[in-house]
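Here the structure is laid out as structure tokens; the discussion comes afterwards.
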Amino acid sequence: RSRRLLLMTAPARSRRDVLARRIRLLVAATITYNVVEAIVALAEGTRVSSTALVGFGLDSVIEVSSAAAVAWQFSAKDPETREKATLRFIAFSFFALAAYVSVEAALSLFGLGEARPSAIGIGLATASLIVMPVLSLAQRRAGLVDGVVAVDREAGLHQVGRHGRAHDAQADHAHRV
């Protein structure tokens, strides 16, 4: 009887290991893309004095931090033990981004700063509108299959945040070009 039970749990453990490895690879891809995106957005946003593009770059930094938090979570033998801390860190990161956007929006209302057009910014926003939802969907599917809430929530927040920030940056630059 115990031999039969062992045979039934081995495939489940193997599948869980495969899913955890897939999640780690997806997180690594997200981190890599967002590091490149952050560097380009922050440099170009600074060059053209674009609050939206700098905000987009900061969003990328926050996304890297969130992805790193999920990677940290899944580096544990039992990722669920780190889930609550991971979710708190991700939530704090998005609240920090919201604070930055709020301050910059208030400054813009007072006419402090005028952005110049940026084809690089438009291209970056367009690339992100294509790449990030694909990565986010893959993370979500892997997390849902494994029943891991942190990956699902990080992917969902990531997708919502990314769509909003990419749209804002693209709109900001599109009407100036």
Side-chain angles (χ1 to χ4, degrees), residues 22-75 85-140 142-143 150-177:
R22 184 179 302 154
I23 289 168
R24 283 193 294 273
L25 288 172
L26 288 167
V27 169
T30 301
I31 290 169
T32 301
Y33 182 81
N34 279 305
V35 165
V36 171
E37 184 181 71
I39 291 167
V40 172
L42 290 170
E44 183 67 3
T46 301
R47 186 184 74 80
V48 298
S49 301
S50 171
T51 299
L53 200 49
V54 169
F56 192 59
L58 291 175
D59 176 64
S60 298
V61 170
I62 289 170
E63 292 299 335
V64 168
S65 299
S66 296
V70 172
W72 170 76
Q73 175 188 349
F74 280 91
S75 69
T86 300
L87 290 173
R88 283 184 179 159
F89 178 79
I90 291 168
F92 175 78
S93 297
F94 280 105
F95 280 117
L97 177 62
Y100 168 78
V101 170
S102 297
V103 168
E104 289 300 321
L107 292 173
S108 292
L109 285 174
F110 294 112
L112 301 172
E114 178 71 27
R116 296 188 310 266
S118 171
I120 293 172
I122 292 171
L124 182 63
T126 301
S128 293
L129 281 170
I130 295 166
V131 171
M132 294 314 297
V134 171
L135 284 172
S136 181
L137 180 62
Q139 284 182 0
R140 177 172 285 221
V151 172
D152 181 44
R153 288 186 185 161
E154 192 272 338
L157 287 172
H158 179 65
Q159 193 171 29
V160 169
R162 176 63 52 205
H163 286 178
R165 293 304 306 149
H167 174 72
D168 292 348
Q170 189 174 19
D172 179 57
H173 293 292
H175 85 275
R176 296 180 194 283
V177 172

Going by atom types alone, do S60 and Y33 pair a side-chain donor with an acceptor below 3.5 Å?
-> no
Side chain to side chain contact (heavy atoms under 4.5 Å, CB included) partners of T32, counting only residues at least two apart = none
Do you know the tightest heavy-atom contact between G55 and Y100?
-> CA-CE2, 3.5 Å
Tell me, do F56 and V40 make a side-chain contact under 4.5 Å, heavy atoms counted?
-> no
Report the residues that fulfil side chain to side chain contact (heavy atoms under 4.5 Å, CB included) with V35, sequence neighbours left out, ordered by chain and then residue number.
-> I31, I39, V64
Considering residues at least two apart in sequence or located in another chain, which fulfil the side chain to side chain contact (heavy atoms under 4.5 Å, CB included) criterion with R47?
-> E44, R116
Considering non-hydrogen atoms only, spot the tightest contact between G45 and V54 and give its length.
-> C-CG2, 3.6 Å
Do you know the tightest heavy-atom contact between Q139 and T30?
-> NE2-OG1, 2.8 Å
Tell me, please, which residues at least two apart from I62 pass side chain to side chain contact (heavy atoms under 4.5 Å, CB included).
-> S66, S93, L97
With sequence neighbours left out, write down each residue that passes side chain to side chain donor-acceptor pair (under 3.5 Å) with S65, or none if nothing qualifies.
-> none
Could you list all the salt bridge (charged side-chain N to carboxylate O under 4.0 Å, His left out) pairs where at least one residue sits in residues 90-104, not counting sequence neighbours?
-> none
Please report the shortest heavy-atom distance between V134 and I130, naming the atom on each side.
-> CG2-O, 3.4 Å
